[in-house]
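Heads up: the structure comes next, in structure tokens.
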Amino acid sequence: TRGQGRGGRFAFPDWAYKPESSPGSRQIQLWHFILELLQKEEYQGVIAWQGDYGEFVIKDPDEVARLWGIRKCKPHMNYDKLSRALRYYYNKRILHKTKGKRFTYKFNFSKVVLVNYPFNARQSWGGGFQTPFWGPSPPSHTQTSP
DNA sequence: CACGGAAGAG
DNA sequence: CTCTTCCGTG
């Protein structure tokens, strides 16, 4: 019950992101955190959706890094290190870079959702598995075994 | 800035 | 495994 996070032009179903309130569970993941900031309008001066669907720009890299550092208890976090973590997402197909545009990345939503919330998603859709309305292409390979 | 190898933490 | 830290390269 977190109201419809309306990050402006983009909105996702609740199951599209992690209920960070997992009691002592595993740590929050960076892309969950990014999505979280993107949902809140009060951070639009720091990070916001811009351009194509799923594309966002980090308007204030230092601030996003600072916020991430606080969340992970890493006081020395900075954009250089945060962006390295973001780069690891390229191979995982969670994100990719919008080349030419500074501080701009793009989510591969169809992939992110399918890979991370397969069953959860199915349930939310009422039993029928289908491609989400925003997802263009389906996956075509297994990422766990090359 | 952006990229990705390497080593290391938890 | 998911980053965090450090760093050479373009």
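- With A/Y89 contributing its side chain and A/W31 its backbone, the two residues share a donor-acceptor pair below 3.5 Å.
- Going from atom NZ of A/K97 over to atom C1' of B/dG4 covers 15 Å, rounded to whole Å.
- Closest approach of A/Y105 to A/I58, counting heavy atoms only: CE1-CD1, 4.1 Å.
- Although no hydrogens or angles enter the test, the distance criterion places no donor-acceptor pair under 3.5 Å between the side chain of A/K106 and the main chain of A/F56.
- Regarding A/Y88, its OH atom lies at a distance of 14 Å from the C1' atom of B/dA2, rounded to whole Å.
- The backbone N or O of A/W68 sits nowhere less than 3.5 Å from a side-chain atom of A/K74 that would complete a donor-acceptor pair.
- Positionally, the nearest nucleotide of DNA chain B for A/R87 lies more toward the 5' end than for the other of A/R87 and A/K74.
- Put simply, the side chain of A/Q50 does not reach to within 4.5 Å of the side chain of A/T104, judged on heavy atoms.
- As a whole-Å value, the separation of A/K92 NZ from B/dG4 C1' is 14 Å.
- Residues A/E55 and A/G51 come closest through the heavy atom pair OE2-CA, 3.9 Å.
- One interatomic measurement links the two molecules: CD of A/Q27 to P of B/dA9, which rounds to 16 Å at whole-angstrom precision.
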Give the intermediate values and the outcome of side-chain contact (heavy atoms from CB on, under 4.5 Å) for residues A/I47 and A/E63.
CA-CA 9 Å; A/I47 183 173; A/E63 181 61 5; over 6 Å; no
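- A heavy atom lying under 4.0 Å from DNA chain B marks the following residues of residues 76-85 of chain A, by number: A/Y79, A/R84.
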Determine, step by step, whether A/V57 and A/K101 satisfy the side-chain contact (heavy atoms from CB on, under 4.5 Å) criterion, reporting the C-alpha distance in whole Å, the side-chain angles of both residues, the deciding distance to 0.1 Å, and the verdict.
CA-CA 9 Å; A/V57 54; A/K101 290 186 181 179; over 6 Å; no
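- A donor-acceptor pair is defined here as one N or O able to donate and one able to accept, closer than 3.5 Å; such a pair exists between the side chain of A/K81 and the backbone of A/H76.
- A heavy-atom distance below 4.0 Å to DNA chain C is reached by these residues of residues 60-68 of chain A, ordered by number: A/W68.
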Decide side-chain contact (heavy atoms from CB on, under 4.5 Å) for A/E36 and A/R71; before the verdict, give the C-alpha distance in whole Å, the side-chain angles of both, and the deciding distance to 0.1 Å.
CA-CA 12 Å; A/E36 198 177 299; A/R71 181 64 70 90; 2.7 Å; yes
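- Residue A/R102 is in sugar-phosphate contact alone, with no base atom involved, counting any heavy-atom pair closer than 4.0 Å across all strands shown.
- Read 5' to 3', the first and last nucleotides of DNA chain C with an atom closer than 4.0 Å to a heavy atom of chain A are C/dT2 to C/dC7.
- Two rings, from A/F103 and A/Y79, have their centers less than 6.0 Å apart.
- If you check every strand for non-hydrogen atoms under 4.0 Å, A/F33 touches nothing.
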